[in-house]
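The next block holds one structure in the form of structure tokens; read it before the comments.
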Amino acid sequence: MAIKVLPVVGRPTNLPGPPRKIAIEEHFSYPLLGPPNIGDSSSGVFMQEGFNPEYSRAMNARMEDLRGSRIEEMDEAGIDISVISQTIGGVEGIPDAARAIEMAQRINDFVAGEVAESRGRLAGFATLPMQDVGAAAKELHRAVNDLGLCAVMLNGYSNLGSQKLYLGDARFEPFWEELEGLQVALYLHPRIPSLAVEQSDFFGHEELTGAVWGFAPETATHVLRMVYGGVFDRHPGVNLIIGHMGETLPFFAWRVQRAFEYDPRSYRTEKRLQDYLSDNIWVTTSGNFFDQALITAVLTVGADHILFASDYPYEMATDAARWIERAPISESDRRKICYSNAAGLLRLPR
Ligand code: ZN
């Protein structure tokens, strides 16, 4: 027998629906780069090996499709705009600079074409060949001004020959100047840690190298190299986005800063890590749909610096959406996180 429900006669007739959303860590893989992998010439580790085959098959099909099931899942999740980006295994892992430049140009042309075809449902991150900083700055200018891409995504460090290039290195000054001048945000996405597994703490536990755990310390370390390398002091207008609710940094910020102040070798920064997290760094919800982590991010970087993302196709956009719609935050914070923060930062339609 059906239960009798109490009448709610005073309920407003105009109840709000789910919040509109912009999702900003939504990947594809450019066909010529082949299936996604996070290998590089030194580690030889491929992320595909860490996935079970059933997941890999389903995920690869989702990765390739930019017009059918992706848009259907966006509709189901209430996502108005997905900002798409080349997944890991991108140009960062190409050790030859000329080849990296050529591939970045092709990928950016491809993204611009898909965005144009999407009738407003897709926007795009630029890919850059950081192996040649002059070419990267030039391609950044072209991608933003000529192709209309709205920001940059880099998948971790870049290989150049046998070198590994991190963004805190002095060689990247021309890139920061161009980025700051254009007022375009940079999303630093994870990549597998740079040591070969046999030389790392992951030896014997290769399952820990990727999204399980290795991505977070790799990316957090990369961000700290930038912070303590003075990038944000020299370029206070730079906006850096990091995923997965901040790659552990919101939780660890106080301890990192405290220990840094005890170390006599360290570069002196103008501000504390907590301040750079509030002023220059934005975090997204990608692949970390966890209330407790969200609350920590709200308390550390502030709701104005949190952006909705799912990490499609590795995650279900619908899971991300259903979670943020019920997360224990104010309605005004929810609207900012779901839509207006990204619209402002990436200059997307309001
Ligand atoms: Zn991702």
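Across every non-hydrogen atom of Pro193 and Gly214, the tightest pair is CG-O, 3.5 Å. Contact between Arg225 and Asp169 at its shortest, heavy atoms only, is NH2-OD1, 4.1 Å. Nearest approach of Glu315 to Glu73, heavy atoms of both residues: O-OE2, 4.4 Å. Closest heavy-atom contact between His235 and Glu177: CE1-CG, 3.8 Å.
For the pair Ser85/Glu26, no side-chain contact is recorded, criterion being any heavy-atom separation below 4.5 Å from C-beta on. At a threshold of 4.5 Å between non-hydrogen side-chain atoms, the residues Val184 and Arg347 count as touching. Side-chain atoms of Ile306 and Thr285, non-hydrogen and from C-beta on, do get closer than 4.5 Å to each other. In this structure, Val212 and His205 have side chains that are not in contact, with every pair of non-hydrogen atoms separated by 4.5 Å or more.
Partners of Glu92 according to the salt bridge (Lys or Arg N to Asp or Glu O under 4.0 Å) rule, which considers only residues two or more places apart in sequence or in another chain, do not exist here. Take Arg119 and apply the salt bridge (Lys or Arg N to Asp or Glu O under 4.0 Å) test, not counting sequence neighbours, and it matches no residue.
Of the residues Thr284, Asp304, Ile324, the one that meets the side chain to side chain contact (heavy atoms under 4.5 Å, CB included) test with Ile337 is Ile324.
Around CZ of Arg326, the count of heavy atoms belonging to other residues, nucleotides or ligands within 6.0 Å does not exceed 12. Within a 6.0 Å sphere centred on CG of Leu6, heavy atoms belonging to other residues, nucleotides or ligands number 12 at most. Atom CD of Glu207 has more than 12 heavy atoms from other residues, nucleotides or ligands within 6.0 Å. For Phe252, the CZ atom is loosely surrounded, since the number of other residues' heavy atoms within 6.0 Å does not exceed 12.
Within the structure, the salt bridge (charged side-chain N to carboxylate O under 4.0 Å, His left out) test picks out the following pairs touching residues 274-299 (sequence neighbours left out): Lys271-Asp279, Arg272-Asp275.
By the 30° and 60° cut-offs, the orientation of the rings of Tyr187 relative to His189 is tilted.
Considering CG of Asp132 and CG of Leu165, their distance stands at 10.5 Å, rounded to 0.5 Å.
With hydrogens and angles disregarded, a donor-acceptor distance shorter than 3.5 Å links the side chain of Tyr55 to the backbone of Tyr314.
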